[in-house]
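First up is the structure itself, then whatever we jot down about it.
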There are 2 protein chains.
Amino acid sequence: MSRKPVERGDLPPLLAEVFRKHGYEGASLALISEATGLGKGSLYNFFPGGKEEMAAAVLADVDAWFEGNVFAPLRDKADAETAISGMLDAVDAYFRSGRRICLVGAFALDDARSRFAERIRGYFASWVDALAAALARAGRKDAAALAEEAVSLIQGAIVLSRALGDTGTFDRTIRGLRKRLTARRQA
Amino acid sequence: MSRKPVERGDLPPLLAEVFRKHGYEGASLALISEATGLGKGSLYNFFPGGKEEMAAAVLADVDAWFEGNVFAPLRDKADAETAISGMLDAVDAYFRSGRRICLVGAFALDDARSRFAERIRGYFASWVDALAAALARAGRKDAAALAEEAVSLIQGAIVLSRALGDTGTFDRTIRGLRKRLTARRQA
DNA sequence: GTCTATAGAGTGATAGAC
DNA sequence: GTCTATCACTCTATAGAC
């Protein structure tokens with residue numbers, strides 16, 4: 001029986017949705033079990049460290065996605081302008097106009113922060129630094145400050161979009177950033 | 001005994017700290033009892049609706065503070081420039097350079113949002129509208145968009161400051177906003 | 001007596017760990 | 001599935017104010 005080849009690697013995206021929806025504390029093993037279709041026994045086989053290890057795996061998975069799809073292109077692409085524009089496309093698709101929250105940002109406000117402080121710090125530091133590098137390549141003088149502001153603005157737009165129940169806020173933010181970050185000339 | 005005249009009105013600030021620190025789910029009655037020095041009996045006398053009513057009272061308290069100290073001045077002060085500058089002073093003091101989170105913003109990302117959606121929406125709508133009104137009085141053409149962006153930026157700066165463990169991010173954001181929102185001339 | 005406030009034992013349900 | 005701890009919450013008992 002049971003020829004459903006579930007692997008540990010398949011789980012983080014499913015777990016992520018549970019943590020996004022209910023937060024770290026609110027994500028009970030019962031909900032996780034339901035979302036994954038796995039019994040508690042199986043979950044503890046995959047993640048002996050329990051809930052904390054599950055959340056850590058999710059954060060690592062999210063971090064890896066951003067590293068591959070956002071941070072690395074920002075750092076490495078020859079054409080800085082298209083790299084920045086590509087970041088905005090990826091971010092817009094990933095956060096679905098603010099309907100999907102940033103798990104790392106939510107954990108930063110939560111007391112889950114105490115458990116995962118270094119991962120959370122690393123994620124945002126990589127993002128700001130990668131964007132600053134691209135902006136610098138594009139010839140912006142205020143690259144570091146502008147990068148910090150852009151990442152703040154994206155995080156804040158997720159908060160505001162959800163609070164207002166209006167995806168327009170997020171969409172306007174992305175459009176505004178596209179203009180400001182890829183402006184040809186600038187002080 | 002027990003001549004400690006505790007009133008219901010004294011509790012929201014104490015409760016707020018517990019919810020800020022642990023989130024809605026993580027704020028257990030045991031923690032709340034410890035933080036307030038009150039037994040469960042007293043807590044349920046003050047808040048028959050239990051934890052949900054406690055959180056609602058906290059949100060109402062926060063909302064009232066912002067209404068009095070931030071939103072109303074933005075709407076009513078004759079001098080729009082000093083009203084905006086006053087908002088930034090109040091926000092900077094309230095959030096303590098990002099060391100203190102915005103409970104309403106945190107709840108917006110949490111699943112506490114489903115319970116308090118209208119209060120959360122109202123808070124941010126009031127903030128954006130009041131700031132837009134002040135910016136319009138100051139003669140800004142893009143008042144609504146600028147207000148939305150400013151509030152997003154403040155929320156995002158709280159996330160980023162905490163994530164990076166660096167109050168500098170929040171401080172730079174406030175300084176940048178002071179410049180941008182009170183610029184004499186502008187398109 | 002009534003009312004409000006207190007502390008805390010006790011409830012069933014459910015948590016995460018194993 | 002089984003474990004214990006803890007959850008939100010109820011309830012009893014008690015106190016002083018009026």
Side-chain angles (χ1 to χ4, degrees), chain A residues 1-2 4 6-8 11-12 14-61 103 106-107 110-116 119, chain B residues 1-61 103 106-107 110-117 119:
Chain A
M1 319 269 139
S2 86
K4 218 205 301 179
V6 175
E7 291 174 35
R8 196 192 123 120
L11 296 176
L14 299 173
L15 299 175
E17 289 312 307
V18 184
F19 284 117
R20 257 187 259 271
K21 187 156 184 182
H22 302 282
Y24 182 76
E25 294 285 348
S28 70
L29 286 198
L31 287 169
I32 291 170
S33 180
E34 190 192 346
T36 56
L38 260 37
K40 295 184 219 171
S42 308
L43 290 170
Y44 271 85
N45 267 327
F46 288 128
F47 306 98
K51 203 164 108 168
E52 180 156 346
E53 189 175 338
M54 297 178 206
V58 168
L59 286 178
D61 190 59
L103 194 58
F107 276 15
D110 203 284
D111 65 339
R113 167 171 163 269
S114 53
R115 298 169 187 268
F116 309 113
R119 260 245 124 79
Chain B
M1 321 260 136
S2 87
R3 284 297 81 205
K4 220 205 299 177
V6 174
E7 290 174 36
R8 198 194 122 122
D10 301 334
L11 295 175
L14 298 174
L15 298 174
E17 289 312 307
V18 183
F19 285 116
R20 256 187 259 270
K21 187 155 186 183
H22 300 98
Y24 182 75
E25 294 286 347
S28 71
L29 286 201
L31 287 169
I32 291 171
S33 181
E34 190 193 344
T36 57
L38 259 36
K40 291 182 227 170
S42 307
L43 291 170
Y44 273 86
N45 264 326
F46 288 129
F47 306 100
K51 203 164 107 165
E52 180 156 346
E53 190 175 338
M54 296 178 206
V58 168
L59 287 178
D61 190 60
L103 193 59
F107 275 15
D110 203 279
D111 66 339
R113 168 171 162 269
S114 53
R115 297 168 188 267
F116 309 111
R119 261 244 123 82

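The structure presented is a predicted model; accordingly, all values stated were derived computationally and were not measured. Reminder, nothing fancy here: chain letters follow the sequence lines and each chain counts from 1.
Within a 6.0 Å radius of CD in A:Glu34, no more than 12 heavy atoms belonging to other residues, nucleotides or ligands are found.
Phosphate proximity of D:dC9 to B:Tyr44: present, with a side-chain N or O under 4.0 Å from OP1 or OP2. Within the 4.0 Å cut-off from OP1 or OP2 of D:dC9, not a single side-chain nitrogen or oxygen of B:Lys40 is found.
Put simply, CG on A:Asn45 is 13 Å from C1' on C:dA17, counting in whole angstrom units. Atom OH in B:Tyr24 sits roughly 13 Å away from atom C1' in D:dC7 (whole-Å rounding). Look at NZ on A:Lys51: it is 19 Å from P on D:dA5, rounded to the nearest Å. One can place CD of A:Glu25 at 10 Å from P of D:dC7, the figure rounded to the nearest angstrom. Taking atom CD of residue A:Glu52 and atom C1' of nucleotide C:dC18, one finds them 17 Å apart after rounding to whole Å. Atom NE2 of A:His22 is separated from atom P of D:dC7 by 20 Å (rounded to the nearest Å). One can place CD of A:Glu53 at 12 Å from P of C:dC18, the figure rounded to the nearest angstrom. Rounding to whole angstrom units, CD of residue B:Glu34 and P of C:dA7 are separated by 14 Å.
Partner A:Leu11 forms a side chain to side chain contact (heavy atoms under 4.5 Å, CB included) with one of A:Leu38, A:Val58, A:Asp61 and no other, that one being A:Leu38.
Minimum interatomic distance between A:Leu31 and A:Gly26 (heavy atoms only, all atoms of both residues): CD1-O, 3.5 Å. Of all heavy-atom pairs spanning A:Ala27 and A:Lys51, the tightest one is O-NZ, 3.0 Å.
Here C:dA17 is the nucleotide among C:dA5, D:dC9, C:dA17 with the atom lying nearest to any side-chain atom of A:Leu29.
Residue contacts for B:Gly41: at a heavy-atom cut-off of 4.0 Å it reaches a base atom on one of the strands shown.
Two residues, B:Leu43 and A:Ser28, neighbour DNA chain C, and the one matched to the more 5' nucleotide by heavy-atom proximity is B:Leu43.
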